[in-house]
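Just so you know, residue 1 is the first one in the sequence shown, and it goes up from there.
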Amino acid sequence: MAEARTVVINVSARHVHLSPEHLEVLFGPGYQLTVKKHLVQPGQFAAEETVAVIGPKGSFPRVRVLGPVRGKSQLEISATDARTLGVPAVVRLSGNIAGTPGIVLEGPKGRVELTEGVIVAQRHIHMTPADAEKYGVTDGQVVRVKTRGTRPLTFDDVVIRAREDMALEMHIDTDEANAAGIKDGDIGEILL
């Protein structure tokens, strides 16, 4: 019998990725993010810093910034968060922000109005090319993942993201985690 294609599932709560330019507008010239906690993905961290997120209908006063800085700023939220803010819930892979809704970010030193960049992150699995080969999958492939939580279900449309700088981990948002009774560290099985 073949070895099960298991993956640790972690819940990705709402967060912001900032460009260097927006980091300086929000926090001041030359500002550097402070590491609060290292994440599973190599080089990635939750920062001490938070920003206010202001939408047409609602806001969140303290949304965690994740580092390091990126080429473009983006806000990753759940569909429930999108309703609260009053923006469409556009499902995309992180980084694919063209044509997505905008939002206002407010920091201690300034304010930025994003014209695009609000996404509900497509559920996905990070892995190295070696992991992908072991599991018989390829970068960009769409798979299903069967959960083992208190309310087991099978997630469809899970995208494989395979790169050398990644670690084996599945990301779902808080809405998906709540629906499946999933908590950080629970295990799923990749189904082809």
Side-chain angles (χ1 to χ4, degrees), residues 8-56 58-78 80-82 84-87 89-129 131 139 159 161-175 177 183-185:
V8 171
I9 303 172
N10 285 319
V11 183
S12 185
R14 75 179 74 103
H15 61 273
V16 175
H17 297 283
L18 295 175
S19 69
E21 299 79 17
H22 290 160
L23 177 66
E24 289 199 351
V25 170
L26 296 167
F27 291 95
Y31 195 86
Q32 298 292 313
L33 292 172
T34 309
V35 176
K36 176 181 177 76
K37 174 185 162 188
H38 289 281
L39 303 176
V40 172
Q41 295 308 306
Q44 304 291 308
F45 61 91
E48 292 284 353
E49 292 77 11
T50 62
V51 295
V53 173
I54 304 159
S59 62
F60 296 113
R62 287 179 301 282
V63 175
R64 183 76 48 206
V65 176
L66 297 190
V69 292
R70 291 200 177 175
K72 292 186 177 181
S73 295
Q74 72 178 37
L75 170 67
E76 295 185 29
I77 57 176
S78 69
T80 299
D81 291 342
T84 299
L85 292 170
V87 296
V90 178
V91 178
R92 295 279 182 85
L93 283 174
S94 182
N96 180 8
I97 61 171
T100 60
I103 203 82
V104 174
L105 304 178
E106 194 170 74
K109 301 289 184 183
R111 186 179 178 117
V112 170
E113 185 168 340
L114 299 181
T115 56
E116 62 185 10
V118 180
I119 66 166
V120 174
Q122 170 74 41
R123 59 185 81 104
H124 58 279
I125 301 171
H126 294 285
M127 62 176 60
T128 64
D131 292 327
D139 182 54
V159 179
R161 302 194 84 178
R163 286 196 329 236
E164 285 296 344
D165 62 341
M166 294 184 167
L168 186 58
E169 174 189 35
M170 179 174 171
H171 284 158
I172 58 175
D173 68 31
T174 52
D175 286 351
K183 63 186 182 319
D184 282 341

| For the atom pair CD1 (I125) and CD1 (I9), what is the distance rounded to the nearest 0.5 Å? | 8.0 Å
| In chain order, what residues pass the side-chain contact (heavy atoms from CB on, under 4.5 Å) check against D184, with sequence neighbours excluded? | N10, V11
| said: So V104 and V112, do their side chains get closer than 4.5 Å, heavy atoms only? | reply: no
| message | If you count heavy atoms of other groups shown closer than 6.0 angstrom to CD of E48, is the number above 12? | response | yes
| request: Measure across I119 and N96 and return the closest heavy-atom pair with its distance rounded to 0.1 Å. | output: CG2-O, 4.2 Å
| task | Find the distance between OG1 (T34) and CD (E49) and round it off to the nearest 0.5 Å. | result | 4.0 Å
| What closest approach, in Å, do R92 and T100 show between heavy atoms, and which atom pair accounts for it? | NH1-CG2, 3.4 Å
For residues 36-47, run the donor-acceptor check on the side chains, cut-off 3.5 Å, and write out each pair with its distance to 0.1 Å, sequence neighbours left out.
{"unit_1": "Q41", "atom_1": "OE1", "unit_2": "A167", "atom_2": "N", "d": "3.0"}
{"unit_1": "Q41", "atom_1": "NE2", "unit_2": "A167", "atom_2": "O", "d": "2.9"}
{"unit_1": "Q41", "atom_1": "NE2", "unit_2": "E169", "atom_2": "OE1", "d": "2.7"}

| request: Using the test side chain to side chain donor-acceptor pair (under 3.5 Å), find all partners of D173 that sit at least two apart in sequence or belong to another chain. | output: none
| Excluding sequence neighbours, so at least two apart, what forms side-chain contact (heavy atoms from CB on, under 4.5 Å) with A82? | I77, V87, A89
| said: Tell me the closest heavy-atom pair linking F60 and V63, and the distance in Å. | reply: CB-CG2, 3.6 Å
| How far does CG of L26 sit from CG of L105, to the nearest 0.5 angstrom? | 6.0 Å
| task | Only counting residues at least two apart or in another chain, list the ones meeting side-chain contact (heavy atoms from CB on, under 4.5 Å) with T80. | result | S78, R83, D175
| task | Start with the C-alpha gap between M166 and D131, add the side-chain angles, then the distance that decides, and say whether side-chain contact (heavy atoms from CB on, under 4.5 Å) holds. | result | CA-CA 10 Å; M166 294 184 167; D131 292 327; over 6 Å; no
| field | salt bridge (Lys or Arg N to Asp or Glu O under 4.0 Å) partners of K72, counting only residues at least two apart | value | none
| task | Can you measure from CE (M127) to CE (M170) and round to the nearest 0.5 angstrom? | result | 10.5 Å
| said: Can you list everything that forms a side chain to side chain donor-acceptor pair (under 3.5 Å) with R64? Sequence neighbours excluded, please. | reply: none
| query | Which residues pass the salt bridge (Lys or Arg N to Asp or Glu O under 4.0 Å) test with R14, sequence neighbours left out? | reply | D81
| note | Applied to residues 108-124, the salt bridge (Lys or Arg N to Asp or Glu O under 4.0 Å) test, sequence neighbours excluded, yields E106-R111, R123-E176
Using a 3.5 Å cut-off and no angle test, enumerate the donor-acceptor pairs between side-chain atoms of residues 17-25 and protein atoms at least two apart in sequence or in another chain.
{"unit_1": "H17", "atom_1": "ND1", "unit_2": "R70", "atom_2": "NE", "d": "3.4"}
{"unit_1": "H17", "atom_1": "NE2", "unit_2": "H15", "atom_2": "NE2", "d": "3.2"}
{"unit_1": "H17", "atom_1": "NE2", "unit_2": "E76", "atom_2": "OE2", "d": "3.3"}
{"unit_1": "S19", "atom_1": "OG", "unit_2": "E21", "atom_2": "OE1", "d": "3.3"}
{"unit_1": "S19", "atom_1": "OG", "unit_2": "H22", "atom_2": "N", "d": "3.1"}
{"unit_1": "S19", "atom_1": "OG", "unit_2": "H22", "atom_2": "ND1", "d": "3.4"}
{"unit_1": "H22", "atom_1": "ND1", "unit_2": "S73", "atom_2": "OG", "d": "2.7"}
{"unit_1": "E24", "atom_1": "OE2", "unit_2": "G30", "atom_2": "N", "d": "3.0"}

| query | Quick one: ring-ring contact (aromatic ring centres under 6.0 Å, His included) pairs with a partner in residues 94-124, sequence neighbours left out? | reply | H124-H126, H124-H171
| task | Just jot down the side chain to side chain donor-acceptor pair (under 3.5 Å) partners of S59, sequence neighbours excluded, or say none. | result | none
